[in-house]
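Below, read A as the first sequence line, B as the second, and so on, with proteins coming before strands; counting in each chain starts at 1. What you see is a predicted model; the values in this text were computed from it and never measured.
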Amino acid sequence: MERVFTYQDIQTVYVSAEAAEDQLSKRILGRLGTNVQIIKYPSSKDPLATSAALEQDARMAEGKQTLLLTRYKGNWLKACPGTARHICCNLYVVNQAEGCPLDCTYCILQAYLRRNPTLKIYTNTENLMATVQQRLEAEPSRLFRVCTGEMGDSLVWDNLTDFSLSMVPLFARLENGVLELKTKTANINNLLTLKNEHQGKTVVSWSLNAKSVTEHDELGAHPLKERLKAAALAAEAGYRVGFHFDPIVHFSGWQDEYRETIKSIFEHVRPSQVAWISLSTLRYHKDLQSIMIARFPESKLPYGEQFLAKDYKIRYLQPIRLKMLRFMWQELKSVAANIPVYFCMESPAVWRAVSGGLPIAGSEIKEIYCVGRAGLCSCNDDLRR
Amino acid sequence: MVSTQISDYLNRYRADNALADLVTKLSPQSYPFIESLLVELRPSLNYLRQIIVLLLEIAGREGVGTEAIVSVELWQAILAEKNSRKEKQKELRQWLETKRYPLKQALLEELQSLQKSLLTDHGFSMKVPEELEGDNLTLSLSFASPGELKENTERLASLAIDQRLKEIFDLLLGKK
């Protein structure tokens with residue numbers, strides 16, 4: 001039985017001094033109720049921070065139950081770093097939170113945040129909104145696709161924070177911005193209340209996978225069926241929806257299970273309601289492997305037919321990767337030939353081998369690979385290299 | 001608690017903590033096999049590390065204990081062969097690699113078979129990319145006269161249209 005994360009899983013909330021009076025802090029504490037231990041905290045540093053390798057696995061588990069409310073002082077809007085020599089999809093990221101209460105076995109945040117495992121929600125969101133608005137208005141000829149799901153699930157905290165109630169109307173007003181909310185949850189209540197306000201400028205996207213992967217390797221996330229039901233409701237409310245098959249996992253019977261998931265998508269939404277679908281096979285930094293094995297000894301993901309590539313990432317062998325990507329591409333295109341499908345961080349060779357050409361050749365993915373607004377297209381030069 | 005024989009071996013050859021830690025992840029029932037390995041094949045620490053990693057990964061992949069991977073019969077058969085110690089080491093590692101990476105080994109075997117038959121028929125030895133990553137095959141040729149070059153060119157032309165060459169590309173690009 002899959003167990004879904006709920007806010008009752010949070011045991012302790014640290015409230016940094018600077019965030020104590022923020023309206024968002026008060027809202028979150030009010031909604032968490034009385035069963036949670038609240039600790040006033042003089043610092044904004046991670047209360048579970050550790051550099052001791054031996055403690056990191058235990059701290060990671062504790063971090064999943066601990067929340068720090070604090071302010072963010074860095075640069076809110078950043079370009080996704082991408083991967084060298086791979087085709088970049090020009091995504092911008094903004095993080096209102098850091099760390100994710102969901103516990104996917106393959107999640108890179110386990111390695112990235114292992115020394116600072118406490119979940120964090122930043123409470124100076126007015127500042128975030130102002131920064132995003134200023135940046136987009138300063139470059140009106142550039143199209144900004146902005147995603148909030150880099151350092152955690154976009155919607156997992158939404159019923160506590162109401163973050164979407166601010167972000168979706170903001171992007172509805174910004175002519176050159178598209179907001180992508182990427183999730184493994186079904187937390188779309190707030191979004192449904194904005195059905196007359198989003199103006200088609202927000203894409204709600206779901207990370208999907210083969211059923212057995214969602215059941216065994218995406219702990220705390222909503223079951224596949226619930227994600228798809230939520231997608232159907234979002235589409236009904238006029239949102240364009242997206243889907244991310246990331247990571248695609250190789251296991252016995254993978255074709256049947258992925259085909260089934262693809263079939264389920266189109267039992268819930270029409271192809272015309274889909275903004276984009278991305279594909280990417282399992283790959284992870286070498287450092288993550290030992291963490292995965294220690295934290296999730298039952299997971300089979302570290303034991304696939306992988307190798308350590310020169311960029312220190314573990315990937316499936318190319319013939320396996322290409323077979324999987326080709327299968328997914330063909331299955332999706334057999335449903336709707338013009339559906340926008342792209343590969344996340346893949347090489348030009350993979351694009352050529354699977355799709356027959358570089359992404360710029362396909363007009364249906366223009367929105368992803370053109371950095372200019374419609375009519376002002378200034379396509380990404382990297383794609384031609 | 002790791003057996004005395006294994007501990008002594010690790011201490012004698014000054015194994016690092018990482019290797020000592022790996023040994024503790026083996027099931028105690030695997031120790032007789034490891035002890036026998038140390039006595040019969042006198043492996044280097046690097047070789048021992050490779051074997052233990054393979055055992056642990058196969059166990060994780062198949063959901064079994066590390067003791068279930070190398071049967072007594074298999075181990076006795078490897079030891080009984082009239083091979084050198086190094087050859088026996090190689091045989092054991094290859095057997096474990098095939099179990100850990102069955103698709104990769106099957107692919108490599110198929111590719112090697114195609115490469116070999118093309119070498120026999122056309123006289124060119126081709127290399128596939130390292131770790132099968134990429135879509136470029138490499139071949140080199142040498143010639144002692146313009147006439148030999150011309151002859152090579154003709155053989156290259158026949159190689160280029162050989163269906164087995166296409167099969168190699170199909171394997172590399174996941175089309176088979």
ask   = Can you check whether B/Leu137 reaches B/Pro129 side chain to side chain, under 4.5 Å on heavy atoms?
value = yes
note = Whatever's closer than 4.5 Å to a heavy atom in chain A on B/Leu103 counts as both
query = Are B/Leu107 and B/Leu172 close enough that some pair of their side-chain heavy atoms sits under 4.5 Å apart?
reply = no
Suppose we count any N or O donor within 3.5 Å of an acceptor, strictly below that value; which pairs fall between chain B and chain A?
| unit_1 | atom_1 | unit_2 | atom_2 | d |
| --- | --- | --- | --- | --- |
| B/Gly60 | O | A/Lys300 | NZ | 3.0 |
| B/Arg61 | NH1 | A/Tyr303 | O | 2.7 |
| B/Arg100 | NH1 | A/Tyr303 | O | 3.0 |
| B/Arg100 | NH1 | A/Gly304 | O | 2.9 |
| B/Arg100 | NH2 | A/Gly304 | O | 3.0 |
| B/Leu103 | N | A/Glu305 | OE1 | 3.3 |
| B/Leu103 | N | A/Glu305 | OE2 | 2.7 |
| B/Lys104 | N | A/Glu305 | OE1 | 2.9 |
| B/Glu133 | OE1 | A/Arg321 | NH1 | 3.2 |
| B/Glu133 | OE2 | A/Arg321 | NH1 | 3.4 |
| B/Glu133 | OE2 | A/Arg321 | NH2 | 2.7 |
| B/Gly134 | N | A/Gln318 | OE1 | 2.6 |
| B/Gly134 | O | A/Gln318 | NE2 | 2.8 |
| B/Leu172 | O | A/Gln318 | NE2 | 3.1 |
| B/Leu173 | O | A/Arg326 | NH1 | 2.9 |
| B/Leu173 | O | A/Arg326 | NH2 | 2.9 |
| B/Gly174 | O | A/Arg326 | NH1 | 3.0 |
| B/Lys176 | O | A/Lys323 | NZ | 2.4 |

request  = From the options A/Val341, A/Ile262, A/Leu325, select the one residue that forms a side chain to side chain contact (heavy atoms under 4.5 Å, CB included) with A/Phe245.
outcome  = A/Ile262
Any B/Tyr9 side-chain heavy atom under 4.5 Å of B/Pro43 side chain = yes
request  = Test side chain to side chain donor-acceptor pair (under 3.5 Å) on B/Ser3 and B/Glu35 and set out the steps.
outcome  = CA-CA 9 Å; B/Ser3 76; B/Glu35 287 163 0; 2.6 Å; yes
key: Non-hydrogen side-chain atoms of A/Phe307 and B/Leu132 separated by less than 4.5 Å   = no
query = What part of B/Pro102 is in contact with chain A, defined as an atom under 4.5 angstrom from a non-hydrogen atom: side chain, backbone, both or neither?
reply = both
B/Arg14 atom CZ, over 12 foreign heavy atoms within 6.0 Å = no
ask   = Considering only heavy atoms from C-beta outward, does the side chain of B/Val70 approach that of B/Leu37 to under 4.5 Å?
value = no
ask   = Measuring heavy-atom distances to chain B, does A/Pro297 have an atom under 4.5 Å in its side chain, in its backbone, in both, or in neither?
value = neither
key: Inter-chain contacts: residues 143-161 of chain B against chain A, heavy atoms under 4.5 Å   = none
key: Contact check, side chains of A/Val213 and A/Phe251, non-hydrogen atoms, under 4.5 Å   = yes
ask   = Any side-chain heavy atom of B/Leu26 within less than 4.5 Å of one from B/Glu67?
value = no
Side-chain heavy-atom pair B/Val23, B/Ile52 within 4.5 angstrom cut-off = yes
